[in-house]
> 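Below is one structure. I have some questions about it.
In the text below, chain A, chain B and the rest are named by the order of the sequence lines, each starting its count at 1.
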2 protein chains.
Amino acid sequence: MAIQYNTSLDRTFHALGDGTRRKILSILAGQGASTASELLAPFDVAQPTISKHLKVLEKAGLVRREVEGRIHRFELVTNPMDEAESWISRHKQFWEGTLSRLDTFVDQLEKPSNKQEKNE
Amino acid sequence: MAIQYNTSLDRTFHALGDGTRRKILSILAGQGASTASELLAPFDVAQPTISKHLKVLEKAGLVRREVEGRIHRFELVTNPMDEAESWISRHKQFWEGTLSRLDTFVDQLEKPSNKQEKNE
DNA sequence: TTATAGTATAGCCAAATGGCTATACAATAT
DNA sequence: ATATTGTATAGCCATTTGGCTATACTATAA
């Protein structure tokens, strides 16, 4: 079986790994909360395609959905980005020699507290 | 056709979206340049699997390969992480209201200089 | 020279991905 | 009451992904 993006970091990075989804986040960052229609408009893809992307972003926690009547309004949630940025930052730091290379480094990197099958 | 991770950002985030690959990068960050065997050891997967992961990381530019005889030595390259971190950072900034919301924000986010089919 | 060690490639598989069309459904508007 | 709008779901498709085994290849060791 292929893994299914168990960890939050998996989901976050995976969600960010698609240009359409990044652009959706950009729009939300630029103009604040927006409806699904507003998020669909700038793209040349079918409505269900954006609907799917929004679900991916929602599951990754990068977006929060609020339903008002038949309108679904989305807003950016940056918390998952913190974890992702932190991961990158730590690795850059080590590489730049800012911190000493502990041999426990690898173990510290991602807390093993999550008991997924593919935890790191 | 599904997209094929054209942009550098696509490749970077996609590469980081897998726990095994992140752990490989962690090992490289922690103990410096390592051979394919050394990178294989900590995992409970077949050798060709790691070989594939290394190729993905190499194509994303996150790793540089040096062949010495039959030994392939890999080292971390953080440059692509800069771009990724910068993307995240910019979006967090806007969300936190640190910068004013320009309506040109979205256009600025990723330079449209790459003429890929899926550029943002 | 023959064996072994270090890696990559080929080829297979099941699952996930991203896209589309058609359709459903609920909420608002007429 | 009926039409329309906003959005999701179902179901299909081709491609990609991550994993495996078997095999090939090259370089070093015996």
> For B:S51 and A:T49, find the nucleotide of DNA chain C closest to each by heavy atoms; which residue's nucleotide sits nearer the 5' end?
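Closest to the 5' end, via its nearest nucleotide, is B:S51.
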> Please figure out whether A:R70 or A:V56 has its closest DNA chain C nucleotide nearer the 5' end.
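Upstream on the strand: A:V56.
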> Establish, with yes or no, whether the OP1 or OP2 oxygen of D:dG19 is under 4.0 angstrom from a side-chain nitrogen or oxygen of B:H53.
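For B:H53, the contact criterion (side-chain N or O under 4.0 Å from OP1 or OP2 of D:dG19) is met.
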> Check the distance between C:dA10's P and B:K55's NZ and give it to me in whole angstrom.
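B:K55 atom NZ is separated from C:dA10 atom P by 8 Å.
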> With no hydrogens and no angle check, just 3.5 Å: does a side-chain donor-acceptor pair link A:S8 and A:E83?
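Their side chains do contain a donor-acceptor pair, which is all the 3.5 Å distance test asks for.
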> Of the candidate nucleotides D:dG6, C:dT7, C:dA10, which contains the atom at the shortest distance from the side chain of B:I71?
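So the side chain of B:I71 is nearest to C:dT7.
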> Just how far, in rounded Å, is P of D:dT5 from CD of A:E38?
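In whole Å, D:dT5 P lies 16 Å from A:E38 CD.
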> With heavy-atom distances below 4.5 Å as the criterion, would you say the side chains of B:L62 and B:L28 are in contact?
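Contact flag for B:L62/B:L28 side chains = no.
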> With A:K92, which of B:N79, B:D82, B:T78 fulfils side chain to side chain donor-acceptor pair (under 3.5 Å)?
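Only match with A:K92 under side chain to side chain donor-acceptor pair (under 3.5 Å): B:D82.
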> Rounded to the nearest Å, what distance is computed from the CG atom of residue A:D44 to the P atom of nucleotide C:dC20?
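Atom CG in A:D44 sits about 8 Å away from atom P in C:dC20.
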> Let's see if you can work this out: which of C:dA22, C:dG19, D:dT7 has an atom nearest to the side-chain heavy atoms of A:Q47?
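Ranking C:dA22, C:dG19, D:dT7 by closest atom to the A:Q47 side chain puts D:dT7 first.
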> Between C:dG18 and A:R21, is there an OP1 or OP2 to side-chain N/O distance shorter than 4.0 Å?
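Answer is yes, contact under 4.0 Å.
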> With the side chain of B:H72 defined as its heavy atoms from C-beta on, choose the nearest nucleotide among D:dG18, C:dT7, C:dC20.
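Nucleotide nearest to B:H72's side chain: C:dT7.
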> Starting at CG of A:L40 and ending at P of D:dT5, how long is that distance when rounded to a whole Å?
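Roughly 14 Å, once rounded to whole Å.
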> Given C:dT7, D:dG19, D:dG6, which nucleotide is nearest the side-chain atoms of A:S37?
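For A:S37, the side-chain atoms sit closest to D:dG6.
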> Would one find a side-chain N or O of A:H14 under 4.0 angstrom from OP1 or OP2 of C:dT17?
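Affirmative; the distance criterion is met.
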> Mind calculating the distance between CD (B:E66) and P (C:dT7) to the nearest angstrom?
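For the pair B:E66 CD and C:dT7 P, the rounded distance is 13 Å.
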> If you only use heavy atoms from C-beta on, which nucleotide in C:dA5, D:dT5, C:dG18 is closest to the side chain of A:K52?
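Comparing C:dA5, D:dT5, C:dG18 against the side chain of A:K52, the answer is C:dG18.
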> Using whole Å, report how far CG of B:L16 lies from P of D:dG18.
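That distance rounds to 12 Å.
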> Whole-Å distance between C:dT7 P and B:F43 CZ?
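Atom CZ in B:F43 sits about 15 Å away from atom P in C:dT7.
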> Given atom CZ of A:R73 and atom P of D:dT7, what is their separation to the nearest angstrom?
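That distance rounds to 9 Å.
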> Do B:I50 and B:T20 come close enough that some side-chain heavy atom pair is under 4.5 Å?
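A side-chain contact under 4.5 Å exists here.
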> Under a 4.0 Å N-O cut-off, is there an ion pair linking A:R73 with A:E66?
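Looking at A:E66 together with A:R73, the answer is no, because their closest N to O distance does not fall below 4.0 Å.
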> At 4.0 Å (heavy atoms only), tell me whether B:A36 reaches a base, stays on the sugar-phosphate, or touches nothing.
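If one applies the 4.0 Å heavy-atom cut-off, B:A36 turns out to touch the sugar-phosphate alone, with no base involved.
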> Would you indicate which nucleotide in D:dG19, C:dG6, C:dT9 comes nearest to any side-chain atom of B:T20?
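Looking only at side-chain atoms, B:T20 lies closest to D:dG19.
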